[in-house]
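Just so you know, these numbers use all the heavy atoms, side chains as well, and skip hydrogens, waters and symmetry mates. Numbers restart at 1 for each chain; the letters A, B, ... are given by sequence-line order, proteins then strands.
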Amino acid sequence: VATGDNMRVVQRFYDELWNKGNLDIADELFSPDFKGHAPGDTGANGPEGVKQFVATWRAAFPDLTITIDDQYEEGEAVGTRFTCRGTQTGSLYGIPPSGNAITMYGMAITHIVDGKVTSDWGEFDVLGLLMQMGIIPSGPPQGQSGNGG
Amino acid sequence: VGLEENKEAVRAFADAMSGGDPGVLDRILAPEARFQSAFAPDPLIGPAGAKGFLTTIRTGYPDLKVSIADMVAEGDLVAIRIENSGTNTGSMRGYEPTNKHAEFEEMFLFRFADGKIVEIRQIFNVLAMLRQIGMAPTEEEMKRLKKILPVLKGVGKVISVAGKLRPGRPKTA
């Protein structure tokens, strides 16, 4: 596997699935035994699980776009730092549409074997997301001190 | 491109989170390093800023154990996924300890220049951690909250009107 090949697989995953909503490409990019992890949803297994996961988010944020801010590759692992932007015009996991434009930061580490994605571990700022959707009051849970944490 | 040295510095950082010597930060961080923490709105600067972060987490979770579950390094970047496990027996950011145990994942991205860390970015599921120690509403509680929110707002209005009718009453915080 040439350096950059695995990175391009992840770029297609973000671009085709997340940004264009071309869900069927999951069959090509993801291994049948794929396991996904994301805050609030650990059940994205196999290409079908990926399609469902992406569809859930794109239903809530139809104009969702993910921008890759940093990307790094080592062996079968590709790391990505990303920013998601979108307007919540649909409901998300039972949270009614807020109509709010949100910006959310996240990172992921994706593993690729023989050109297929076998695992993807993503973390993103859930607290910030819920604040922007108006579900919990804004302002991070801060005490008196301004540094650390 | 000293990839191995960079990885070694990141392992030392995780070790310091896990209770190791914070003094190591003086060696691995550049004086102008910017640490964008998940909690603090402004970046923490240099070894002193990162030590403040360590003090905060080690005070809140004195038994915190951090293990590196995955690592990706290329060029001047090193990313890690870590697993945190600890008990909230100390006060954190002004909140009283809950004495509850929490396990949560977290990701860090480190950028190096001239062998030193110059940028740190932290992402973790703050909500999952707060839920485990009972400081954030669960999903079910949030659904209920959403339903009763209009009622609460109505009650608040009544209270504020009542307050105006009785101006002698002390204001609540």
Contact list (residues 79-87 of chain B to chain A, heavy-atom gap under 4.5 Å, by number) returns B:Ala79, B:Ile80, B:Arg81
Among residues 96-113 of chain B, residues within the sub-4.5 Å heavy-atom range of chain A, in order of number, are B:Glu105, B:Met107, B:Phe108, B:Leu109, B:Arg111
To the closest 0.5 Å, what do you measure between [atom1] ([X]) and [atom2] ([Y])?
{"X": "B:Arg131", "Y": "A:Leu127", "atom1": "CZ", "atom2": "CG", "result": "10.0 Å"}
{"X": "A:Met107", "Y": "B:Ile123", "atom1": "CE", "atom2": "CD1", "result": "5.0 Å"}
{"X": "A:Asp70", "Y": "B:Glu119", "atom1": "CG", "atom2": "CD", "result": "7.0 Å"}

What do you reckon, is [atom1] of [X] surrounded by more than 12 foreign heavy atoms closer than 6.0 Å?
{"X": "B:Arg34", "atom1": "CZ", "answer": "no"}
{"X": "A:Gln52", "atom1": "CD", "answer": "no"}
{"X": "B:Asp21", "atom1": "CG", "answer": "yes"}

Hydrophobic clusters here meaning ILVMFWY residues chained together by side-chain heavy-atom distances under 4.5 Å, can you tell me if [X] and [Y] are in one?
{"X": "A:Phe124", "Y": "A:Ile109", "answer": "no"}
{"X": "A:Met104", "Y": "A:Val126", "answer": "yes"}
{"X": "B:Val72", "Y": "B:Val10", "answer": "no"}
{"X": "B:Phe13", "Y": "B:Leu64", "answer": "yes"}
{"X": "A:Leu130", "Y": "A:Tyr93", "answer": "yes"}

- Message: Test your reading of the model: is there a side-chain donor-acceptor pair from A:Glu74 to the backbone of B:Ala73, 3.5 Å cut-off?
- Response: yes
- N/O donor-acceptor pair under 3.5 Å between A:Glu123 side chain and B:Phe124 backbone: no
Honestly, the part of A:Met7 sitting under 4.5 Å from a heavy atom of chain B is side chain
Here the pair of heavy atoms bringing A:Tyr72 nearest to B:Leu77 is CD2-CD1, 3.3 Å
Checked B:Lys7, B:Lys51, B:Met71 vs chain A; the most non-hydrogen pairs under 4.5 Å come from B:Lys7
Indicate every side-chain donor-acceptor pair of residues 17-25 of chain A with a distance under 3.5 Å to a residue at least two apart or in another chain.
{"from": "A:Asn19", "atom 1": "OD1", "to": "A:Ile66", "atom 2": "N", "distance (Å)": "2.7"}
{"from": "A:Asn19", "atom 1": "ND2", "to": "A:Ile66", "atom 2": "O", "distance (Å)": "3.2"}
{"from": "A:Lys20", "atom 1": "NZ", "to": "A:Asp15", "atom 2": "OD2", "distance (Å)": "3.4"}
{"from": "A:Lys20", "atom 1": "NZ", "to": "A:Glu16", "atom 2": "OE2", "distance (Å)": "3.4"}
{"from": "A:Asn22", "atom 1": "ND2", "to": "A:Glu16", "atom 2": "OE1", "distance (Å)": "3.0"}

Residue pairs passing the ring pair (Phe, Tyr, Trp, His ring centres under 6.0 Å) test with at least one member in residues 97-122 of chain A, sequence neighbours excluded, are A:His37-A:Trp121
